[in-house]
There are 2 protein chains.
Amino acid sequence: MATTQDRQLVEQWRGIQNSYFRTASALERALEARFHIGLNEFEILDLVAECADAECRMKALGERTPMTQSAVSKVVDRLEKAGLVSRQTCTDDRRSLYLELTDAGRILHADAAVEHRSLLKENLGE
Amino acid sequence: MATTQDRQLVEQWRGIQNSYFRTASALERALEARFHIGLNEFEILDLVAECADAECRMKALGERTPMTQSAVSKVVDRLEKAGLVSRQTCTDDRRSLYLELTDAGRILHADAAVEHRSLLKENLGE
DNA sequence: TCAATCTATATGACGCGTCATTCAATGACA
DNA sequence: TGTCATTGAATGACGCGTCATATAGATTGA
C-alpha cells in the first residue's frame with residue numbers, strides 16, 4: 001500500500017538523485033574540458049592537497065571518500081601517470097604509501113579548485 | 001585563496017556525496033540480494049508501475065530519470081530478459097515503444113517497493 | 001510526392017568502478 | 001622465533017553507463 005509518507009520519501013530521494021547528478025556532471029564536464037581530469041581525480045587531488053605537509057597515506061584517503069580502496073588505487077594510477085602526484089614509500093610501514101603533489105599537481109589543483117568551488121556555489125548555493 | 005565559504009561548500013558537497021552513496025549502496029545491495037535486480041532496474045520498474053494504465057513510453061522514462069537514453073534502453077533490455085517488463089510497439093508512432101509490467105514484474109515490484117521505501121526511511125528519515 | 005531533416009530507440013566501443021583475489025609486510029602469541 | 005592472522009595496496013575479470021553512431025519511422029516544404 002503506497003502511503004503518503006512513502007510518496008514523500010520517494011520524492012525526497014529523487015530530489016537528492018537529481019541534485020547529485022546535476023552537480024556531479026557539471027563538475028565532471030568542466031574539469032574534463034579545462035583540466036583533463038575526471039571528478040574523482042580532482043577529489044583525490046583535493047584530499048591530498050588538504051594534507052598539506054602531513055603524510056597523506058592511501059589508507060587515509062580511503063576513509064575520506066566513498067570510493068572503494070581499489071577505486072582509489074586506480075585513480076591514483078591515473079594521477080601518477082598524468083604526473084600530478086607521486087607515490088612515496090613509508091619508512092615506518094613498508095606496506096603503506098603516502099602521496100605527494102608534484103609541482104604540476106599543485107598548480108593544476110590550485111586552478112581546478114577555483115573552478116570547482118565556483119561550480120559548487122552555482123549548483124548548491126541556492 | 002581558500003575562503004570560509006569555499007570550505008563550507010566543499011563540506012556541503014561531501015555531505016551530499018556521502019548520503020547519496022550511503023543510501024544508493026544500501027538500496028543496491030538489498031535489491032540485489034533479495035530480488036536480483038540493480039537499483040536502476042528498480043527505478044525504471046518503479047516509474048513504469050507509476051504509469052498505471054497510461055502508456056509508458058521509453059521517451060517519457062528518459063525525462064523522469066537522470067539516466068541517459070541509452071542507459072534506459074539497456075536497463076529495459078535487462079528487465080525484459082528477466083521477464084519483468086515487455087516492450088510494446090505504439091500504433092500511433094511506430095518509432096516509439098511503451099512498456100508494460102508483466103505479472104512477474106508487478107509482483108516483484110510490489111515486494112521490492114516495500115523494501116525500497118523502508119530503506120529510504122532508514123537512510124533519509126533522520 | 002520527394003528530398004531533407006528530425007525524432008525514438010538500439011548498438012558497439014570504451015572507460016571506470018567493484019568484487020574477489022593476491023602479495024608482501026606486520027603483528028600477536030606461544 | 002616460528003606460525004597464523006591481519007593489514008595496506010595492486011590487479012584482473014566483469015558489469016554498467018556514456019558517447020558517438022546507426023536505423024527506421026515521422027515531418028516539413030517546395
Side-chain angles (χ1 to χ4, degrees), chain A residues 17-18 20-22 24-33 36-44 47-48 55-82 85-100, chain B residues 17 20-22 24-33 36-45 47-48 55-82 85-100:
Chain A
Q17 288 183 303
N18 284 328
Y20 175 77
F21 274 107
R22 199 167 33 76
S25 61
L27 291 171
E28 185 82 52
R29 285 170 200 286
L31 292 171
E32 188 60 56
H36 310 291
I37 59 173
L39 179 51
N40 282 345
E41 277 82 355
F42 175 79
E43 311 263 19
I44 292 296
L47 289 174
V48 176
E55 287 192 357
C56 176
R57 305 198 170 189
M58 297 281 286
K59 186 73 200 315
L61 289 181
E63 288 159 3
R64 306 205 187 311
T65 174
M67 283 183 255
T68 287
Q69 173 263 319
S70 90
V72 172
S73 176
K74 292 179 184 191
V75 167
V76 171
D77 280 351
R78 277 172 251 139
L79 288 173
E80 199 172 25
K81 263 164 208 149
V85 130
S86 77
R87 282 186 240 236
Q88 309 289 141
T89 63
C90 290
T91 48
D92 64 330
D93 182 345
R94 291 188 314 201
R95 291 168 303 181
S96 292
L97 295 176
Y98 67 97
L99 300 181
E100 270 178 3
Chain B
Q17 288 182 302
Y20 176 77
F21 275 108
R22 200 166 32 76
S25 62
L27 291 170
E28 186 82 51
R29 285 172 199 284
L31 292 170
E32 188 60 55
H36 310 290
I37 60 174
L39 179 52
N40 281 345
E41 276 81 355
F42 176 79
E43 310 265 18
I44 292 297
L45 218 52
L47 288 175
V48 176
E55 287 191 357
C56 177
R57 292 177 146 84
M58 297 281 285
K59 187 73 198 317
L61 290 181
E63 288 158 3
R64 305 203 190 311
T65 175
M67 281 183 255
T68 289
Q69 174 264 318
S70 89
V72 172
S73 177
K74 292 179 184 191
V75 168
V76 171
D77 280 351
R78 275 172 254 140
L79 288 174
E80 200 173 24
K81 262 164 208 150
V85 130
S86 76
R87 281 186 242 238
Q88 308 289 141
T89 62
C90 290
T91 49
D92 64 331
D93 182 344
R94 291 187 316 200
R95 292 168 303 181
S96 290
L97 297 175
Y98 67 96
L99 300 181
E100 270 178 1

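No hydrogens, no waters, no symmetry mates; every other heavy atom, side chains included, goes into these values. Every chain is numbered from 1 and lettered A, B, ... according to where its sequence line falls, protein lines coming before strand lines.
- Both A/Arg29 and A/Leu97 sit near DNA chain D, but only A/Leu97 has its closest nucleotide nearer the 5' end.
- B/Arg29 CZ: 12 or fewer foreign heavy atoms inside a 6.0 Å radius.
- Shown here is A/Arg78, whose CZ atom has more than 12 heavy atoms of other residues, nucleotides or ligands within 6.0 Å.
- The aromatic rings of A/Phe21 and B/Tyr20 sit perpendicular to each other, their planes meeting at more than 60°, with 30° as the lower class boundary.
- Under the rule for a salt bridge (Lys or Arg N to Asp or Glu O under 4.0 Å), B/Arg94 has no partner lying at least two apart in sequence or in another chain.
- Put simply, CD on B/Glu63 is 12 Å from P on C/dT7, counting in whole angstrom units.
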Where do N or O atoms of nucleotides 24-29 of chain C meet protein N or O atoms at under 3.5 Å, pair by pair?
unit_1 : atom_1 : unit_2  : atom_2 : d
C/dT26 : OP1    : A/Arg94 : N      : 3.2

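- Nucleotides of DNA chain D that come within less than 4.0 Å of any heavy atom of chain A span, from the 5' end to the 3' end, D/dT7 to D/dC19.
- The shortest distance between the side-chain N/O atoms of B/Arg87 and the OP1/OP2 oxygens of C/dA10 is below 4.0 Å.
- Interface residues of residues 64-77 of chain B facing DNA chain C, ordered by number: B/Gln69, B/Ser70, B/Ser73, B/Lys74; criterion, heavy-atom separation under 4.0 Å.
- Side-chain atoms of B/Gln69 never come within 3.5 Å of backbone atoms of B/Gly62 as a donor-acceptor pair (strictly under, hydrogens ignored).
- Legend: residues meeting salt bridge (Lys or Arg N to Asp or Glu O under 4.0 Å) with B/Glu28, ordered by chain and number and at least two apart, are absent.
- Remark: B/Lys74 engages no residue in a salt bridge (Lys or Arg N to Asp or Glu O under 4.0 Å) (not counting sequence neighbours).
- Smallest separation of non-hydrogen atoms from A/Asn40 and A/Val75: O-CG1, 3.8 Å.
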Worksheet entry | Derivation of the side chain to side chain contact (heavy atoms under 4.5 Å, CB included) call for B/Glu43 and B/Thr65 | CA-CA 8 Å; B/Glu43 310 265 18; B/Thr65 175; 5.7 Å; no

Worksheet entry | Stepwise side chain to side chain contact (heavy atoms under 4.5 Å, CB included) check, B/Met58 with B/Arg87 | CA-CA 9 Å; B/Met58 297 281 285; B/Arg87 281 186 242 238; 3.9 Å; yes

